[in-house]
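Down below is the structure, laid out as structure tokens.
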Amino acid sequence: MRSSQRFRRVERLKESSDFERIYRMGSIVQNEHLRLYVLDQEKDAPARLGLTVTKRLGKATVRNRLKRLLREWFRTRKEWFRGLDLVIQPKPAAAHLTPQALWESLERLAASLKLD
């Protein structure tokens with residue numbers, strides 16, 4: 001895997017203060033499966049991803065599978081989101097989707113952002 005394709009530490013949102021700032025100041029787009037919070041940062045900053053996957057979605061194996069799929073989707077498309085912080089919240093309906101259906105749902109949300 002090329003180093004540009006890795007999901008690096010600087011591309012992860014970990015601090016609760018970052019999540020709170022995005023929830024408070026960011027915009028939101030959602031569909032029946034996912035909720036996506038977006039906040040603009042510096043234009044040249046790397047895109048950063050945070051995930052909020054609650055126990056309502058199912059047991060640990062289900063939650064971990066969703067997180068893996070969401071990170072993989074972001075990893076392969078992170079250049080689209082350069083300069084943005086994203087938080088993805090799956091809804092309970094997302095737990096039963098195939099990987100392809102989950103990614104298609106994310107693609108629709110990303111298209112609705114109207115990125116430059």
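These numbers come from a predicted model, not from an experiment.
Looking at Glu11 and Arg75, no side-chain N of the basic residue comes within less than 4.0 Å of a carboxylate O on the acidic one, giving no salt bridge.
Side-chain heavy atoms closer than 4.5 Å link hydrophobic residues (I, L, V, M, F, W, Y) into clusters, and following such links, even through other members, never connects Leu113 to Leu13. Note: the hydrophobic cluster containing Tyr37 does not contain Leu66 (ILVMFWY, side chain heavy atoms under 4.5 Å, direct or indirect links). Both Trp73 and Leu57 belong to a single network of hydrophobic side chains, linked directly or stepwise wherever heavy atoms of I, L, V, M, F, W or Y lie under 4.5 Å apart. When hydrophobic clusters are built by joining Ile, Leu, Val, Met, Phe, Trp and Tyr residues whose side-chain heavy atoms come closer than 4.5 Å, directly or via intermediates, Leu51 is grouped together with Leu109. Leu70 and Leu86 fall within the same hydrophobic cluster, defined by Ile, Leu, Val, Met, Phe, Trp and Tyr side-chain heavy atoms under 4.5 Å apart, directly or through other members.
Interatomic distance, CD of Gln41 versus CD1 of Ile22, reported as 7.0 Å (0.5 Å rounding). Distance check, rounded to the nearest 0.5 Å: NZ of Lys91 to CD of Gln30 gives 4.0 Å. In this structure, CG on Leu84 lies 11.5 Å from CG on Leu49, to the nearest 0.5 angstrom. With values rounded to the nearest 0.5 angstrom, Glu104 atom CD is found 4.5 Å from Gln100 atom CD.
Distance alone, capped at 3.5 Å, is enough to place a donor-acceptor pair between the Arg82 side chain and the Asp44 backbone. Side-chain atoms of Trp103 come within 3.5 Å of backbone atoms of Leu69 as a donor-acceptor pair (strictly under, hydrogens ignored). Under a 3.5 Å cut-off, the side chain of Arg63 and the backbone N or O of Gly58 do form a donor-acceptor pair.
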Check the pair Leu102 / Leu34 against side-chain contact (heavy atoms from CB on, under 4.5 Å), numbers first and verdict last.
-> CA-CA 9 Å; Leu102 182 66; Leu34 301 158; 4.0 Å; yes
Determine, step by step, whether His33 and Asn31 satisfy the side-chain contact (heavy atoms from CB on, under 4.5 Å) criterion, reporting the C-alpha distance in whole Å, the side-chain angles of both residues, the deciding distance to 0.1 Å, and the verdict.
-> CA-CA 6 Å; His33 303 115; Asn31 60 23; 3.8 Å; yes
Can Ile88 and Leu106 be said to form a side-chain contact (heavy atoms from CB on, under 4.5 Å), step by step?
-> CA-CA 9 Å; Ile88 301 174; Leu106 279 163; 3.9 Å; yes
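Taking the side chain as every heavy atom from C-beta outward, Glu107 and Arg77 approach each other to under 4.5 Å. Looking at heavy atoms from C-beta onward, Lys67 lies out of side-chain contact with Pro90 at the 4.5 angstrom threshold. Under the 4.5 Å side-chain criterion, counting only non-hydrogen atoms from C-beta, Asp85 is not in contact with Val38.
Below 30°, between 30° and 60°, or above 60°: for Phe81 and Phe74 the angle between ring planes is below 30°, a parallel geometry.
For CD of Glu32, the number of neighbouring non-hydrogen atoms (other residues, nucleotides, ligands) closer than 6.0 Å is greater than 12.
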